Amino acid sequence: MQTPCARTEPLQSGSVTLCVMPHPYRYTAELANEIELRWQASWEEQQAYRQPNPGQAGFDATRPRYYVLDMFPYPSGAGLHVGHPEGYTATDILARYKRMRGFNVLHPMGWDAYGLPAEQYAIQTGVHPAITTRRAIDTFRRQLKRFGFSYDWSREFGTIDDDYYRWTQWIFLRIYNAWFDTRKDKARPITELVEEAENGHLGIGAEGELVWIDVDESAAPPAGVRLWDELDGDTRRAFINDQRLAYVGEPVVNWCPKLGTALANEEVIDGRSERGGHPVIRKPLKQWLFRITAYADRLLAGLESVDWPESTRIQQTEWIGRSEGADIDFKLTDGDAFLRVYTTRPDTVFGATFMVVAPEHPVLQDVEREEVRAYIDAAKGRSEVERMETKKKTGVDSGLTAINPATGETIPIWVADYVLMGYGHGAIMAVPGGDERDHEFAQQYDLPIVTVVLHPDGSAPEGCYPGEGIAVRSCGSSVSLDGLETPDAKRRIIDWLEETGAGRGKVNTRLRDWLFSRQRYWGEPFPIVWDEDGRHHAVGEDTLPVRPPEMEDFHPAESDDPRPLLAKARDWVQTTAGAAGVADLAADAAVTRETNTMPGWAGSCWYYLRYADPHNDERFVGEEAERYWTGGHGVDLYIGGAEHAVLHLLYARFWHMALYDLGFVSSPEPFGKLFHQGMITSHAYQRPDKSLVPIDQVEKRNEVEEQDDRYIETATGGEVKQIVAKMSKSLKNVINPDDIIEEYGADTFRLYEMYMGALADSKPWNTRDTSGMFRFLQRVWRLAVDEETGETRSKRTGLPRHSPEGRRRDGDACETNDAVERALHRAIAKTGADIEKLHFNTGIAAMIEFVNAAGKHHVTAEQLDRFVRILAPFAPHIAEELWHRLGHEDSVVGTTWPEFDESLLVDTTVDVAVQIMGKVRAHIQVAHDTDKKTLEATALAHERIQELIDGKTVRKVIVVPGRLVNIVAS
RNA sequence: GGUCGUGUAGCCCAACGGCAGAGGCAACCGUCUCAGAAACGGUUCAGUGCAGGUUCGAAUCCUGCCACGACUACCA
């Protein structure tokens, strides 16, 4: 956008450079930038968006609350891209609108700042991640402020702030000091577990598991169950540690040698790390885990109670992957041991002709066969990605055999890596007649295939049939399923399994306990120390936070042998029980700090709670603030990307539920309403072979008039196709928001992003289209301000609009201006309703309609007042400027949303279509409230309709008042 | 392969089962200019991806295909 005098290129003749300034007070980019910066400074100075908490000065308890939250960003060195402000603008509009509607609005912003990318960037550049992260935060903050978002910046914090992660560690300790009571289906403090045990309400089973004892029965505890007072200290301790919601396990993890860390399943995509795309191998490792699986049913049930996108609820449901089936024990032919499997189709046990175990399965420990050892070693060294690259299934016969408890037959046990150690028991009964994978494997290795389920109609299936049907060939010495339909067969076989002790019904989930340790530097240290006997202890709460050690070198030792980075900080690792605040050890006892760190997700699990009371140093959030802002149903509206559908949103729900159970928060779910904004894409070009071409290597040609544009790749001259593609550096199609703001201003940017399309849809960025929004703001400006003089002078009266006299006369002059008034009421109604529905694009269109209509008539200052107020949530800077130019002293931020009159929303006369058999044949002009009977009569009386139905019988007439009349005649 | 979503004018997008158009971009024609740009005024442009079905009436609901996108992927 050029400003006056900007275009001063010398004329070709070399004559004098002319500078024409036709509209010195037009709304230009320069003016927009000037206005925006001025008001941003003013708002900041006035603390216009500061929202007091209950109990604080200025808090109005009579107002309802509205907590509208953005997913906070992970600040990268590259700064904001155009995707960030999309959701932020949406929430800003809502926040501003709700304030005008009389709500106390909590609208905060902060920084998700711990995590791998910052550390990797630090490794590349040699600069400490604390420094690069602070820099990135400063850039993000500066950029966000330039959009004029109405955040209460006094509540800002980063997850790396001492007084934030202090509480992250504190919450970890709450979870560490809790266990899950399956009877009450909730978490309780560990102290209550000990109480229950001391009171004899529970005992410890043969495998160390918790066994409830019904005291009313006054019967002896079940065989093999030991009571608390029979146990020594170590056993008690081990039992307690086994029950903790945060516990130490040694699972097979996704080890990424390149990153030098273990990753959660969710961070591994196609066998590669989500960050960086490095190969990942499987290896057992001692790790901290969260018992999120205990919450599987509640995480599922809670999804019913929240207003979330259906697709996200489905994704979480599938991620949790609850299934019902049975555990079945197959006795090994040698020795007394059993091989336990989980199956969802216990009814097909008669068709289990072999078994398969994962290469990591312990049953293979003593197998010495050379090809088995070789297969296990090969599988170990293969990353997930390599395992998947070979589409064909592989495996070897272990030489072990087991007895099928249903048929009594001896069947072989194979090893194959299509069976995963991490699900079920790492072993399956293979039913090649009913499972595609087993079928493929059986064919490949020539193993027997038996059909044990017929189609529901009784016909025999060909090949593999995984569906339900009628059991057949399923008759053993003590149980028969023959003739039963699948659900009945399942019930019968589970009963039989339980009677004979060969198995039991079982609910399983795909969800596994959450691996919470990382072997990295840039994360929250665990508030845990280890004593010389290898036992872990919580550090004293008054010693929090446990700060990360000062370190110079955070290069990972790229290795297959995991060693946490923090172990290198010897002085930090070695401490005493006294210094760490561990009460149950002698103060001078040597202890070592836990050297793992928490994953990037930790900080984002509870940040929405901290915003409610960010400076509280007594508690992670004050009780009253928590109850006011998140009590009941949690955050009122949470907007962010759909890519967090299962990770962040599941983890945060888990933390929240644990805190809820322990009485620290007052809502069962953290986010009452969730919305995902769509992705903003860009353009790129595609060769016929589908490869992509960066936009700077293509030119547009239009050789023939009246024909579509063609795109030619400059280097080859070949024709390419314009397509929609993600923004990426390599395609050179990334849009920088700073550039757009410079060219048009933040108000135009905000309007354009909201106008591009529905918030939830993905849509391509078209810089060219931004000028439409800019012109709209220019027209708005012109409604109030004279472009020649810069004055807000009424064209009708010639008096300044901000003067009382001018306003009065202005109003008098326009009392008859019905069209503008009606257009304004429509705009107020439509825009308000659309904001509530997050339909910002159509809301803006309603304002454009008003401005287009108003431009043709005279608008009074009072009408402009109202219009400026509905514009204010969308384009706050220009609205504030005009508001003041219209003579107001206060800020438009503190005004109310204008009222509208329902009766002015419809025109007095409407055009009603008359259809015959659904085809429009005529139009009639009637009063908008004409009743059905009159409409029907008027339509039938229409001359043209008369002609068309002449000689036909009118069978039916459908009348939709105010819209149409449809005549069914033949 | 599975799940979810989206296909409407040259482009971006609207349309409680009721006359396919709210709006923006582009194009074209005017106004203003010595001229151009900007701005302003106006005009053109589709029968809704394809094939069926339900209905007085379908872009909208149902079924099956096609294209694109997101997510997910040997979960027994």
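In what follows, chains are A, B, ... by sequence order, proteins preceding strands, each numbered from 1. Keep in mind that what you see is a predicted model, and the values were worked out from it rather than measured.
Here B:C74 presents its P atom at 8 Å from CZ of A:Arg510, a figure rounded to the nearest Å. To the nearest angstrom, P of B:C12 lies 13 Å from NZ of A:Lys763. Between the C1' atom of B:C11 and the CG atom of A:Asp769 lies a distance of 7 Å, rounded to the nearest Å. Here B:G5 presents its C1' atom at 16 Å from CD of A:Glu643, a figure rounded to the nearest Å. A:Asp761 has its CG atom 7 Å from the P atom of B:C13, to the nearest Å. The distance from atom CD of A:Gln915 to atom C1' of B:G17 is 12 Å, rounded to the nearest whole Å. Summarising the geometry, the separation between CG on A:Leu692 and C1' on B:C68 is reported as 14 Å, rounded to the nearest angstrom. Regarding A:His839, its NE2 atom lies at a distance of 19 Å from the P atom of B:A22, rounded to whole Å.
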For this session: Evaluate the criterion side chain to side chain contact (heavy atoms under 4.5 Å, CB included) for residue pair A:Val349 and A:Phe330; output intermediate values, then yes/no.
Result: CA-CA 11 Å; A:Val349 65; A:Phe330 285 62; 4.2 Å; yes
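Look at B:U60: it lacks any Watson-Crick or wobble partner with both distances under 3.5 angstrom. B:U54 is unpaired under the criterion used here, namely a Watson-Crick or G-U wobble arrangement in which both key atom distances are under 3.5 Å. Under the Watson-Crick or G-U wobble criterion, with both distances below 3.5 Å, B:C25 is paired with B:G10. If you check B:C40 for Watson-Crick or wobble pairing at under 3.5 angstrom, you find it paired to B:G30. In this structure, B:C16 makes no Watson-Crick or G-U wobble pair, since no nucleotide meets both defining distances under 3.5 angstrom. Across all strands shown, the partner of B:C65 is B:G49, judged by Watson-Crick or G-U wobble contacts whose two distances both fall under 3.5 Å. Across all strands shown, nothing is found opposite B:A35 as a Watson-Crick or G-U wobble partner with both distances under 3.5 Å. Pairing for B:A70 goes to B:U3, judged as Watson-Crick or G-U wobble with the two contacts each under 3.5 Å.
A sub-4.0 Å separation between OP1 or OP2 of B:C40 and a side-chain N or O of A:Arg782 is present. Listed pair A:Thr842 / B:A15 fails the phosphate criterion, with no side-chain N or O lying under 4.0 Å from OP1 or OP2. At the phosphate of B:G24, OP1 or OP2 sits under 4.0 Å from a side-chain N or O atom of A:Asn852. For B:C25, one of the phosphate oxygens OP1 or OP2 lies less than 4.0 angstrom from a side-chain nitrogen or oxygen of A:Arg775. In this model, the phosphate group of B:A70 is approached by a side-chain N or O of A:Lys726 to a distance below 4.0 Å at OP1 or OP2. Between A:Tyr755 and the phosphate of B:G24, there is no side-chain N or O to OP1/OP2 separation shorter than 4.0 Å. A:Arg779 has no side-chain polar atom (N or O) that falls below the 4.0 Å cut-off from OP1 or OP2 of B:A39. OP1 or OP2 of B:A14 has at least one side-chain nitrogen or oxygen of A:Asn841 nearer than 4.0 Å. Remark: A:Arg955 is not in phosphate contact with B:C56, judged by side-chain N or O atoms under 4.0 Å from OP1 or OP2.
At a threshold of 4.0 angstrom between heavy atoms, the contacts of A:Asn766 are confined to the sugar-phosphate backbone, with no base atom among them. Residue contacts shown for A:Ser323 are limited to sugar-phosphate atoms, with no base heavy atom under 4.0 Å away. Among the heavy atoms of the strands lying under 4.0 Å from A:Ala758 are primed sugar atoms or P, OP1, OP2 only; no base atom is included. Here A:Ile958 lies in heavy-atom contact (under 4.0 Å) with a base. A:Leu964 comes within 4.0 angstrom of a nucleotide base, judged by non-hydrogen atoms across all strands. If you check every strand for non-hydrogen atoms under 4.0 Å, A:Gly424 touches nothing. Within 4.0 Å of A:Pro764, counting heavy atoms only, lie sugar-phosphate atoms of the nucleic acid but no base atom. Counting any heavy atom pair closer than 4.0 Å across all strands shown, A:Glu310 reaches no nucleic acid atom.
Using P as the reference atom, B:C61 and B:C74 are 34 Å apart when rounded to the nearest Å. A gap of 7 Å separates the C1' atoms of B:A67 and B:G49, to the nearest Å. With both ends at atom C1', the span from B:G2 to B:G10 equals 37 Å, rounded to whole Å. B:A35 sits 43 Å from B:A20 when the C1' atoms are compared, rounded to a whole Å. For B:C62 and B:U54, the P atoms lie 15 Å apart once the distance is rounded to whole Å. A distance of about 15 Å separates the P atoms of B:U44 and B:C29, rounded to the whole Å. Remark: the separation of the P atoms in B:U63 and B:C68 is 23 Å, to the nearest Å. Across the P atoms, B:A51 and B:G47 are found 13 Å apart, a figure rounded to whole Å.
Taking the six-membered ring where the residue is Trp, A:Trp781 and A:Tyr27 present tilted rings, their angle falling between 30° and 60°. Note: A:Tyr423 and A:Tyr342 have perpendicular aromatic rings, judged against thresholds of 30 and 60 degrees for the angle between ring planes. Note: A:Phe874 and A:Phe840 have perpendicular aromatic rings, judged against thresholds of 30 and 60 degrees for the angle between ring planes. Using cut-offs of 30° and 60° for the angle between ring planes, the A:Phe441 and A:Tyr445 rings count as tilted.
Annotated as syn: B:G47, whose O4'-C1'-N torsion sits within 90° of 0.
Across B:C19, B:A26, B:G23, the shortest atom-to-atom separation from the side chain of A:Ile848 is found for B:G23. Taking only side-chain atoms of A:Arg26, from C-beta outward, the nucleotide of B:C74, B:A38, B:C19 with the closest atom is B:A38. The side chain of A:Glu318 lies closest to B:U3, out of B:U3, B:C74, B:G23.
Counting atom types as modelled, A:Lys393 pairs a side-chain N or O with a base atom of B:C74 as donor and acceptor under 3.5 Å.
In summary, the side chains of A:Thr293 and A:Asp513 do present a donor paired with an acceptor at a separation below 3.5 Å, with no hydrogens or angles considered. Side-chain contact annotation: A:Tyr418 with A:Asp438, donor-acceptor N/O pair under 3.5 Å present.
The CD1 atom of A:Ile924 sits 5.5 Å away from atom CG of A:Leu935, with the distance rounded to the nearest 0.5 Å. The CZ atom of A:Phe354 sits 8.0 Å away from the CD1 atom of A:Ile449 when rounded to the nearest 0.5 Å.
Under a 4.0 Å N-O distance rule, the pair A:Lys490/A:Asp347 does not qualify as a salt bridge.
Ranked by how close their nearest RNA chain B nucleotide is to the 5' end, A:His923 and A:Lys956 are led by A:His923. Nearest-nucleotide assignment on RNA chain B puts the 5′-proximal partner with A:Glu849, out of A:Met679 and A:Glu849.
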